[in-house]
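All of these numbers come straight from a predicted model, not from anything done at the bench. Chain A is the first sequence line, chain B the second, and so forth, proteins listed ahead of strands; every chain is numbered from 1.
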Number of protein chains: 2
Amino acid sequence: MGRSRRTGPAEGGQADRREESKLALARLGAWLEERGLKHSRQRDVIVETFFAMGGHVPVDGLVARVRTLDARVSVATVYRTLKLLSECGIAVPRRFEDGQTRYEPATDRSHHDHLICTGCGRIVEFENERIEELQQRVARSHGFEVDSHKLELYGRCDRCRRAEAGTKDARS
Amino acid sequence: MGRSRRTGPAEGGQADRREESKLALARLGAWLEERGLKHSRQRDVIVETFFAMGGHVPVDGLVARVRTLDARVSVATVYRTLKLLSECGIAVPRRFEDGQTRYEPATDRSHHDHLICTGCGRIVEFENERIEELQQRVARSHGFEVDSHKLELYGRCDRCRRAEAGTKDARS
DNA sequence: CCCATGTTGATAACGATTCTCAATATCACG
DNA sequence: CGTGATATTGAGAATCGTTATCAACATGGG
């Protein structure tokens, strides 16, 4: 039932990330050349940093991190690069309830949805065939042909719930 | 399979709306008094207009409409009033992909999700028990206790698909 | 009717994102 | 290795939706 793969920015092998980063850079390069665009130092740094961070990266976080490597990259460039990445299928933008866009590395794996902890902000990915099927069915029954969807579950993760219980016990 | 009730701002009885509006106004009044707040002319106008519009009302649309009745109501007041309404459970804010908040009249009926046409913007509400159950299950299997969720299906409604097919035929 | 207190309108401020544009980097070509 | 055409950059202005500020103004209990 809903196998998950990466449970947060903190997990996932570093080696994998570097690998992903390389592939992405190559793919971006090809994509740029195809349309007569050029590549640049800052795009490379941004892509590498993005993959090094993994998980669901908020733009300002990425900017901050990138600037530890090259203090003069502008926010505009980061935004532009991220848009490029999503255009060439390397990254996917996500907008959760907090109103800021986060990007996650695109995987060739199938679509997934998110479980978001309102306590610690942890984001867990999951996929569930049955839910997708039901969505299709509901949509069709209303005459719709779905081409994308957004499913986010907000709640508290086990860690946060335990922590709460702890403080409650301590208090009483 | 997913009974829907109101399929858009254009549908739903006027009489029902006026009824809803009255109830809401009364409820708001009580709520205000409970906490020593005052009521005002503009709040009344806003609430009435809100219910007259029905459906999923974007704030700027509401402002525009309200101003046909009283040209000097400020956006700030509309925002403030809408926030009040959601605090006292009369309206519910929704944020879809277009990035602007819309409000819908809160119903005592159970939670529902949305089907959004990317062609004409039509919004259809639906509910589906099975999906909710599955969500709970998936969440639990990851140690989460869900307390809210967001499910939006984006696609083209039958009308828009037919329209597209039409233009395609005409062209070829 | 009065006054303490809540509400309003105008506008400034905000955060996230995009745009503008002059300065600069890249790259294909000679 | 230049050189020029053109893509990219950085800084800051602009935009959008929304919230905060604050003086002027309602509201309603006494």
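Side chain of Ala76(B), nearest nucleotide from dA20(D), dT9(D), dG17(D): dA20(D). The side chain of Lys83(A) lies closest to dT18(C) when the candidates are dG6(C), dG10(D), dT18(C). The side chain of Lys38(B) sits closest to dG28(D) out of dT8(C), dT8(D), dG28(D). The side chain of Tyr79(A) sits closest to dA16(C) out of dA16(C), dG9(C), dT18(D).
Across the protein-nucleic acid pair, Asp70(A) atom CG and dA11(D) atom P stand 10 Å apart, rounded to whole Å. Atom CD of Glu34(A) and atom P of dA7(D) are 16 Å apart (whole Å). One can place CZ of Arg72(A) at 15 Å from C1' of dT8(D), the figure rounded to the nearest angstrom. In this structure, the CD atom of Gln100(B) is 17 Å from the C1' atom of dT19(D), given to the nearest Å. As a whole-Å value, the separation of Leu28(B) CG from dG6(C) C1' is 14 Å. Rounded to a whole Å, the CD atom of Glu33(A) is 14 Å from the P atom of dT26(C). The interatomic distance linking Leu82(A) (CG) with dT9(D) (P) rounds to 13 Å, in whole Å. Atom CD1 of Ile46(A) is separated from atom C1' of dT9(D) by 10 Å (rounded to the nearest Å).
Taking 4.0 Å as the cut-off between side-chain N and carboxylate O, Glu152(B) and Arg94(B) do not count as a salt-bridged pair.
At the phosphate of dA7(D), neither OP1 nor OP2 sits under 4.0 Å from any side-chain N or O atom of Arg43(A). Here Ser40(A) reaches the OP1 or OP2 of dT9(D): one of its side-chain N or O atoms lies under 4.0 Å away. The shortest distance between the side-chain N/O atoms of Ser74(B) and the OP1/OP2 oxygens of dA10(C) is not below 4.0 Å. In terms of phosphate contacts, His39(A) brings no side-chain nitrogen or oxygen within less than 4.0 Å of OP1 or OP2 of dT8(D).
Place Arg41(B) and Leu37(A) on DNA chain C by their nearest nucleotides, and Arg41(B) ends up nearer the 5' end. Place Arg80(B) and Arg35(B) on DNA chain C by their nearest nucleotides, and Arg35(B) ends up nearer the 5' end. Looking at which nucleotide of DNA chain D each of Thr101(B) and Gln42(A) is closest to, the 5′-most match is held by Gln42(A).
Residue Val75(A) is classed as having no contact, given no heavy-atom separation below 4.0 Å to the nucleic acid.
The aromatic rings of His56(A) and His114(A) sit perpendicular to each other, their planes meeting at more than 60°, with 30° as the lower class boundary.
Under a hydrophobic clustering in which Ile, Leu, Val, Met, Phe, Trp and Tyr are joined whenever their side-chain heavy atoms come within less than 4.5 Å, directly or via other members, Val78(A) and Val92(A) fall into different clusters.
By the neighbour-count criterion of 12 heavy atoms within 6.0 Å, atom CZ of Arg35(A) is densely surrounded, having more than that number from other residues, nucleotides or ligands.
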Intermediate values then yes/no, side chain to side chain contact (heavy atoms under 4.5 Å, CB included), Val47(A) and Leu28(A): CA-CA 9 Å; Val47(A) 172; Leu28(A) 176 62; 3.9 Å; yes
